[in-house]
Q: 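Below is a structure I'd like to ask you about.
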Amino acid sequence: MDAAVNHSRGEYVRGKVPFWALFKRGLYGIYHHLSVRHLHRYLEEFCGRSNLRHLDTAEQLRQVALGLQGRRLTWAMLAGRAAAA
(Lines give C-alpha, C1' and ligand atoms only; values in the text may rest on other atoms or scores of the structure.)
Protein backbone atom coordinates (compact mmCIF):
# COMPACT_ATOMS: atom_id res chain seq x y z
CA MET A 1 0.00 0.00 0.00
CA ASP A 2 1.21 3.52 -0.80
CA ALA A 3 2.28 5.86 1.97
CA ALA A 4 -0.12 8.70 2.80
CA VAL A 5 0.57 12.20 1.52
CA ASN A 6 1.17 15.03 4.01
CA HIS A 7 -1.39 17.78 3.40
CA SER A 8 0.05 19.99 6.16
CA ARG A 9 3.22 20.27 4.06
CA GLY A 10 1.29 21.15 0.91
CA GLU A 11 1.63 17.65 -0.53
CA TYR A 12 -1.51 16.38 -2.28
CA VAL A 13 -0.18 13.85 -4.79
CA ARG A 14 3.01 11.95 -5.50
CA GLY A 15 3.97 11.49 -9.10
CA LYS A 16 1.52 11.73 -11.98
CA VAL A 17 -2.15 10.95 -11.49
CA PRO A 18 -3.85 9.24 -14.45
CA PHE A 19 -6.70 11.10 -16.15
CA TRP A 20 -9.21 8.35 -15.42
CA ALA A 21 -8.41 8.44 -11.70
CA LEU A 22 -9.18 12.17 -11.64
CA PHE A 23 -12.34 11.61 -13.68
CA LYS A 24 -13.57 8.88 -11.32
CA ARG A 25 -12.77 11.01 -8.26
CA GLY A 26 -14.64 13.92 -9.81
CA LEU A 27 -17.69 11.80 -10.46
CA TYR A 28 -17.77 10.56 -6.87
CA GLY A 29 -16.94 13.95 -5.36
CA ILE A 30 -18.94 16.32 -7.56
CA TYR A 31 -21.75 14.55 -9.38
CA HIS A 32 -22.31 11.37 -7.30
CA HIS A 33 -24.09 9.79 -10.29
CA LEU A 34 -23.28 9.31 -13.95
CA SER A 35 -25.85 9.78 -16.68
CA VAL A 36 -24.88 7.89 -19.83
CA ARG A 37 -26.92 10.42 -21.82
CA HIS A 38 -24.55 13.19 -20.70
CA LEU A 39 -21.31 11.19 -20.55
CA HIS A 40 -19.74 13.29 -23.33
CA ARG A 41 -20.35 16.43 -21.27
CA TYR A 42 -18.65 14.98 -18.18
CA LEU A 43 -15.68 13.93 -20.30
CA GLU A 44 -15.42 17.35 -22.00
CA GLU A 45 -15.41 19.09 -18.62
CA PHE A 46 -12.65 16.89 -17.22
CA CYS A 47 -10.62 17.13 -20.43
CA GLY A 48 -10.79 20.91 -20.06
CA ARG A 49 -9.75 20.70 -16.41
CA SER A 50 -6.88 18.41 -17.34
CA ASN A 51 -5.70 20.71 -20.11
CA LEU A 52 -5.64 23.73 -17.76
CA ARG A 53 -4.25 22.00 -14.65
CA HIS A 54 -0.73 23.39 -15.11
CA LEU A 55 -2.00 27.01 -14.90
CA ASP A 56 -2.65 28.97 -11.74
CA THR A 57 -6.27 29.73 -10.79
CA ALA A 58 -6.35 33.25 -12.25
CA GLU A 59 -5.01 32.03 -15.60
CA GLN A 60 -7.46 29.12 -15.62
CA LEU A 61 -10.35 31.57 -15.15
CA ARG A 62 -8.97 33.81 -17.89
CA GLN A 63 -8.78 30.89 -20.32
CA VAL A 64 -12.35 29.82 -19.51
CA ALA A 65 -13.61 33.40 -19.97
CA LEU A 66 -11.86 33.63 -23.33
CA GLY A 67 -13.57 30.41 -24.40
CA LEU A 68 -16.97 31.84 -23.48
CA GLN A 69 -16.47 35.05 -25.39
CA GLY A 70 -18.98 35.48 -28.20
CA ARG A 71 -21.13 32.53 -27.10
CA ARG A 72 -24.69 32.65 -25.89
CA LEU A 73 -26.56 30.01 -23.92
CA THR A 74 -30.32 30.41 -23.58
CA TRP A 75 -32.79 28.53 -21.39
CA ALA A 76 -34.33 26.99 -24.51
CA MET A 77 -30.91 25.58 -25.45
CA LEU A 78 -30.44 24.15 -21.96
CA ALA A 79 -33.92 22.63 -21.99
CA GLY A 80 -33.32 21.06 -25.40
CA ARG A 81 -35.94 23.19 -27.13
CA ALA A 82 -33.56 24.93 -29.51
CA ALA A 83 -30.51 23.85 -31.49
CA ALA A 84 -27.20 25.01 -30.01
CA ALA A 85 -25.30 27.45 -32.19
Q: Taking the side chain as everything from C-beta on, heavy atoms only, tell me whether Tyr42 gets closer than 4.5 Å to Leu34.
A: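 In short, these two side chains touch, coming nearer than 4.5 Å.
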Q: Arg72 and Met77: which non-hydrogen atoms are nearest, and at how many Å?
A: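 Taking Arg72 first and Met77 second, the nearest heavy atoms are O-CE, 3.5 Å.
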Q: Side-chain contact, heavy-atom cut-off 4.5 Å: Leu78 with Thr74?
A: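 Counting from C-beta outward, Leu78 and Thr74 never come under 4.5 Å.
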Q: Taking all non-hydrogen atoms of both residues into account, name the closest pair between Arg49 and Ile30 and its distance.
A: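 Closest approach of Arg49 to Ile30: NH2-CD1, 3.5 Å.
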Q: Between Phe46 and Phe19, is the ring centroid distance below 6.0 Å?
A: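 Centroid distance Phe46-Phe19: not below 6.0 Å, so no.
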Q: Less than 4.5 Å apart, side chain to side chain, heavy atoms only: is that true for Val64 and Leu52?
A: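 A side-chain contact under 4.5 Å exists here.
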Q: Examine Val17 and Trp20 and state if one hydrophobic cluster contains both, with Ile, Leu, Val, Met, Phe, Trp and Tyr joined whenever side-chain heavy atoms are less than 4.5 Å apart.
A: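 No, Val17 does not connect to Trp20 through the hydrophobic network.
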Q: Where do Pro18 and Lys16 come nearest, in terms of heavy atoms and distance?
A: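 It is CD-O, 3.8 Å.
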Q: With rounding to the nearest 0.5 Å, note down the distance linking NE2 in His7 to CZ in Arg9.
A: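 Reported value, rounded in 0.5 Å steps: 12.5 Å.
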Q: With a 4.0 Å cut-off on N to O distance, would you call Arg62 and Glu59 a salt bridge?
A: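 Salt bridge between Arg62 and Glu59, a charged N being under 4.0 Å from a carboxylate O: yes.
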Q: Would Leu61 end up clustered with Leu73 when hydrophobic side chains under 4.5 Å apart are linked, directly or stepwise?
A: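 Each belongs to a different hydrophobic cluster.
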Q: Please tell me if the side chains of Gln60 and Gln63 come closer than 4.5 Å, counting only heavy atoms from C-beta onward.
A: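 Contact flag for Gln60/Gln63 side chains = no.
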Q: Could you tell me whether Arg25 sits above the aromatic face of Tyr28, with NZ or CZ closer than 6.0 angstrom to the six-membered ring centre and within 45 degrees of the axis?
A: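 Ring-cation test returns no.
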Q: Are Leu43 and Leu27 linked, directly or through other ILVMFWY residues, by side chains that come within less than 4.5 angstrom of each other?
A: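 Yes; tracing contacts between hydrophobic side chains, which count when under 4.5 Å, links both residues.
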Q: Between atom NE2 of His38 and atom NE2 of His33, what is the distance when rounded to the nearest 0.5 Å?
A: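 Rounded to the nearest 0.5 Å, the NE2-NE2 separation comes out at 9.5 Å.
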